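Take a look at the structure below.
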Amino acid sequence: MLTIGELAAYAGVTVRTVRHYHARGLLPEPERDHSGYRRYDGGAVVELIRIRTLAEAGVPLARVRELLQADDEKFATAVADIDRRLEAEIRQRQRHRERIARLASGESLALPAEVVGILDRLRALGVDERIVRAERDGWIPLAARSPERVAEWVARKQERIADPEFADFYVALSAALECGDDDPQLAELADRVAAYLTKLADERGEEYVGEPAGIEPVLAELMDRLVFDTVPSARRLIELLKQRGWAGWTTLRRVDPAPVAPAPTAPRPPRPGTCPSSSGGPICPP
């Protein structure tokens, strides 16, 4: 006869585990002998090893008793069912591992691989990381809101970036990041972008230019703000583009060119003998 410690050692488990199996009703708990100890026979060793083997195989303890009492046919059916469940759990855990592995790049967690490829392409072109980040942040709500359209928008974007002239705009915007609103470099970039968009619209239609088609106005505004917060010069660029017949950022559209406000003129100094607060009016009192 064995003590609980000896039983645990023979079965390769801890005493705590044996007591847990007692509490779950999986392993019968013998009566105490005249010395106050519980003694286990060889049958308890065999039963404990069977319980341990099932538990280590991933069988939930709630089903261990069922399997211990099942005949061969029921046992085989139950094991097959448990195997399918474990296989599904393994696939789910593998997906979790893949997502965790993608955490290193940050953007991959919330974006499809095709969009990440676009971001990598921009980096390869030498585009400033702030612009890449703005592009990334725009794609995140877009992909979350309309995942079924991502493939369509990605294909359009990939086609655009493959055009050296379009790709060069990203590089030029990178160079203009630190430009002030009155820097002629921004005006030159606006001229180039407007000319390109006009040519593209004339050749392929305005719907092709207005990427991404069908986006909700509220979401487009949100994406615009993400860009403007990250790339402040983009806001001024949009103003300049509107003067050249194109409005919007996330969703472009052709508009009537906005009139250019005249530059403010400095007030003329008053003529001698006139009151500075008047426009050449009466003579100021002495």
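Side-chain atoms are counted along with the backbone in the values below, which use heavy atoms only and exclude waters and symmetry mates. Please read these numbers as outputs of a predicted model, since none were measured by experiment.
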Just wondering, are more than 12 heavy atoms of other shown residues or ligands nearer than 6.0 Å to [atom1] in [X]?
X: Glu73; atom1: CD; result: no
X: Arg225; atom1: CZ; result: no
X: Asp202; atom1: CG; result: yes
X: Glu31; atom1: CD; result: no
X: Asp72; atom1: CG; result: no

Next on the checklist: Tell me whether Tyr21 shares a hydrophobic cluster with Leu68, the cluster being built from Ile, Leu, Val, Met, Phe, Trp, Tyr side chains joined at under 4.5 Å.
Outcome noted: yes
Presence of salt bridge, [Y] and [X], under 4.0 angstrom:
X: Arg130; Y: Glu178; result: yes
X: Glu6; Y: Arg39; result: no
X: Arg133; Y: Glu129; result: no
X: Glu159; Y: Arg156; result: no
X: Arg192; Y: Glu188; result: no
X: Arg236; Y: Asp181; result: no

Does [X] reach the side chain of [Y], with side-chain heavy atoms less than 4.5 Å apart?
X: Met223; Y: Phe228; value: no
X: Tyr37; Y: Thr3; value: no
X: Leu7; Y: Val18; value: yes
X: Leu142; Y: Val150; value: no

Nearest 0.5 Å, please: how far is [atom2] in [Y] from [atom1] in [X]?
X: Glu114; Y: Gln158; atom1: CD; atom2: CD; answer: 7.5 Å
X: Glu29; Y: Leu27; atom1: CD; atom2: CG; answer: 8.5 Å
X: Arg123; Y: Arg121; atom1: CZ; atom2: CZ; answer: 13.5 Å

Checklist entry - Mind checking whether Tyr196 and Phe166 have parallel, tilted or perpendicular rings, split at 30° and 60°? => result tilted
Checklist entry - Looking only at heavy atoms, what is the nearest atom pair of Cys179 and Leu186, with distance? => result CB-CG, 4.1 Å
Next on the checklist: Under a plain distance cut-off of 3.5 Å, with no hydrogens placed, do Thr198 and Trp246 share a side-chain donor-acceptor pair?
Outcome noted: yes
Checklist entry - Going by atom types only, do Glu135 and Tyr170 share a side-chain donor-acceptor pair under 3.5 Å? => result yes
